[in-house]
Amino acid sequence: MLLQQEPQLRELRIFDLHLGPWLEELKTGPVQVTAIQGDVTQAHEVAAAVAGAHVVIHTAGLVDVFGKTSPETIHEVNVQGTRNVIEACVQTGTRFLVYTSSMEVVGPNIKGQPFYRGNENTPYEAVHRHPYPCSKALAEQLVLEANGRKVLGGLPLVTCALRPTGIYGEGHQIMRDFYHQGLRLGGRLFRAIPASVEHGRVYVGNVAWMHVLVARELEHRAALMGGQVYFCYDNSPYKSYEDFNMEFLGPCGLRLVGTRPLLPYWLLLFLAALNVLLQWLLRPLLLYAPLLNPYTLAMANTTFTVSTDKARRHFGYEPLFSWEESRTRTIRWVQAVEGSAQ
Ligand SMILES: NC(=O)c1ccc[n+]([C@@H]2O[C@H](COP(=O)([O-])OP(=O)(O)OC[C@H]3O[C@@H](n4cnc5c(N)ncnc54)[C@H](O)[C@@H]3O)[C@@H](O)[C@H]2O)c1
Ligand SMILES: C[C@@H](CO)CCC[C@@H](C)[C@H]1CC[C@H]2[C@@H]3[C@H](O)C=C4C[C@@H](O)CC[C@]4(C)[C@H]3CC[C@]12C
């Protein structure tokens, strides 16, 4: 997105634990693309990568709500990693920092209270227990508190945080998992969540586009945007998690069975708890990390949608991809997954 949309771009540095072969394709244009294999938990590696950069977009993170990684590791990557990025900016004189936060910094909370088409100012009791949202909330706080700190050279750091809702689009691993599960079940998925529960979703291309706009505008609108949070949204329809996925999986041949959940909630909760027990029992032998656990069930079962225009008012954000385009691109990607699976 930066290479396509940012005419001022002179160099793009990509710092990641895992560098994929797709990065090579980015190196064929006029802009210098530097891929750096590194770990955000290692302060010296981060500082070396950041030195001389005008803007840092910090999106690296450990996304795990399935119990694959320990809470300590999630904290280390998401919180200490973010601290390292902030310190690297301060020490090397980089003034603009954009952080990829998450809607989960707000909710759904542990009480399962609905957040219905809320905005950045909607009151909501943000209480977390799960390591992932806890880590994102702490990291976001660090980023916002760092706004105004003096960087090398004496000028103030300008930071802001973007909070995407559930991201979908090309490369969406959970969508791929649902697709394969549906294929295994003879082209069917079974409704588990009431269709009335709305879940916020945003297309990956629009998430990237919003980051590029913020990176571009942060310098000129520092007083307005510095220390601010923005929900990351687009025109994707408000639907339940499962109905939304069917927008893509339906055209790829899957069917969602049931107009109402086929299992009662108490049974799903029981199965989710059983999965936690199995995960714990099997841990010495293998990693058992199914999609269903009490936390993911609560997330899928709690309305959380945003309706805001703060990003449009503050930096002129309009989604780059319409809903139709986002849908078509995602369907094409699922179809390609299907092709590669055969
Ligand atoms: N997926 C979503 O629905 C969603 C929603 C809101 C916010 N987010 C946030 O967006 C960001 C990207 O998430 P994603 O879903 O694309 O996840 P992802 O796992 O696809 O991407 C995370 C990237 O961070 C890198 N990374 C992980 N640990 C690292 C480390 N120690 N050092 C350097 N790089 C490391 C990974 O290699 C990966 O490339 C995360 O910060 C996440 O919290 C994701
Ligand atoms: C009970 C199952 C029946 O089909 C459905 C389980 C679905 C869950 C696996 C997903 C429901 C909501 C998702 C999360 C949400 O979209 C927002 C997120 C925030 C982001 O920062 C990281 C990803 C995620 C936690 C996302 C993960 C998968 C769900 C819990």
Side-chain angles (χ1 to χ4, degrees), residues 1-2 4-13 15 46-47 49-61 78-79 81-106 117-124 126 136-165 202 206-234 306-320:
M1 190 58 72
L2 276 163
Q4 283 169 2
Q5 299 290 342
E6 186 44 67
Q8 304 248 52
L9 191 67
R10 290 220 307 272
E11 183 189 356
L12 173 62
R13 285 185 205 157
F15 178 90
V46 182
V50 164
H54 184 65
V55 183
V56 170
I57 299 177
H58 172 37
T59 203
N78 293 352
V79 183
T82 300
R83 206 173 270 131
N84 291 343
V85 173
I86 294 167
E87 291 310 318
C89 291
V90 170
Q91 284 160 21
T92 65
T94 295
R95 284 199 55 212
F96 305 102
L97 171 61
V98 186
Y99 175 60
T100 315
S101 182
S102 168
M103 76 179 205
E104 281 206 71
V105 163
V106 182
R117 306 189 191 188
N119 63 31
E120 289 83 352
N121 297 320
T122 304
Y124 188 76
K136 294 300 283 186
L138 278 173
E140 183 189 275
Q141 197 185 342
L142 290 175
V143 169
L144 301 180
E145 283 171 3
N147 184 60
R149 267 184 76 182
K150 297 275 181 293
V151 304
L152 181 75
L155 291 169
L157 179 64
V158 187
T159 67
C160 84
L162 302 186
R163 295 170 172 170
T165 53
V202 58
N206 289 324
V207 177
W209 172 229
M210 198 189 258
H211 281 72
V212 171
L213 273 182
V214 172
R216 184 188 293 166
E217 296 300 326
L218 211 46
E219 182 166 6
H220 312 294
R221 304 181 194 215
L224 178 67
M225 294 171 64
Q228 293 289 320
V229 295
Y230 300 93
F231 276 124
C232 214
Y233 57 92
D234 61 14
V306 303
S307 172
T308 171
D309 64 351
K310 185 174 176 185
R312 181 175 61 74
R313 284 185 286 109
H314 281 206
F315 52 92
Y317 167 73
E318 290 294 342
L320 191 61

Sub-4.5 Å side-chain heavy-atom contact between Val229 and Glu140: yes
Pairwise side-chain contact, Phe315 with Leu224, heavy-atom cut-off 4.5 Å (strictly under): no
Salt bridge (charged side-chain N to carboxylate O under 4.0 Å, His left out) partners of Arg221, counting only residues at least two apart: Glu217
Closest non-hydrogen atom pair between Gln5 and Leu320, with its separation: NE2-CD2, 3.7 Å
Step-by-step side chain to side chain contact (heavy atoms under 4.5 Å, CB included) determination, Met1 to Glu6: CA-CA 8 Å; Met1 190 58 72; Glu6 186 44 67; over 6 Å; no
His211: ring-ring contact (aromatic ring centres under 6.0 Å, His included) partners, not counting sequence neighbours: none
Partner residues of Arg83 under the salt bridge (charged side-chain N to carboxylate O under 4.0 Å, His left out) criterion, sequence neighbours left out: none
Under the side chain to side chain donor-acceptor pair (under 3.5 Å) test, residues paired with Ser307 that sit two or more places apart: none
For Glu11, all residues meeting salt bridge (charged side-chain N to carboxylate O under 4.0 Å, His left out), sequence neighbours excluded: Arg13
Interatomic spacing from CG in Leu142 to CD1 in Ile86 - rounded to 0.5 Å: 5.0 Å
Gap separating the CG atom of Leu97 from the SG atom of Cys89, nearest 0.5 angstrom: 5.0 Å
Which residues share a side chain to side chain contact (heavy atoms under 4.5 Å, CB included) with Ala137, sequence neighbours left out: Val105, His128
Thr308 side chain reached by Glu120 side chain, heavy atoms, under 4.5 Å: yes
Flag side-chain contact, heavy atom, 4.5 Å: Arg163 against Ser102: no
Inter- and intrachain pairs under side chain to side chain donor-acceptor pair (under 3.5 Å), touching residues 90-99, at least two apart: Tyr99-Lys136
Test ring-ring contact (aromatic ring centres under 6.0 Å, His included) applied to Phe15 - qualifying residues, sequence neighbours left out: none
Note, Thr82 side chain near His58 side chain (heavy atom, < 4.5 Å): yes
Beyond-backbone contact of Leu162 with Ser101, side-chain heavy atoms, under 4.5 angstrom: no
Enclosure of Arg10 CZ (heavy-atom neighbours >12, cutoff 6.0 Å): no
Partners passing salt bridge (charged side-chain N to carboxylate O under 4.0 Å, His left out) against Glu87 (at least two apart in sequence or in another chain): Arg149
For Thr165, all residues meeting side chain to side chain contact (heavy atoms under 4.5 Å, CB included), sequence neighbours excluded: Met103, Val202, Val306
Minimum heavy-atom distance Ala47-Ala88, with the two atoms named: CA-CB, 3.7 Å
Step-by-step ring pair (Phe, Tyr, Trp, His ring centres under 6.0 Å) determination, Tyr233 to Tyr317: CA-CA 10 Å; Tyr233 57 92; Tyr317 167 73; 5.3 Å; yes
Qualifying residues under side chain to side chain contact (heavy atoms under 4.5 Å, CB included), relative to Glu318, sequence neighbours excluded: Arg312
Evaluation steps, side chain to side chain contact (heavy atoms under 4.5 Å, CB included), between Val212 and Ile57: CA-CA 9 Å; Val212 171; Ile57 299 177; 5.6 Å; no
Side chain to side chain contact (heavy atoms under 4.5 Å, CB included) partners for Leu218, two or more places apart: Phe96, Val98, Val158, Cys160, Val214, Met225
Side-chain heavy-atom pair Val85, Val56 within 4.5 angstrom cut-off: yes
Note, Trp209 side chain near Asp234 side chain (heavy atom, < 4.5 Å): no
Expected output: side-chain Asn78 to main-chain Gly61 donor-acceptor under 3.5 Å: no
Side chain Thr159, main chain Val143, donor-acceptor under 3.5 Å: yes
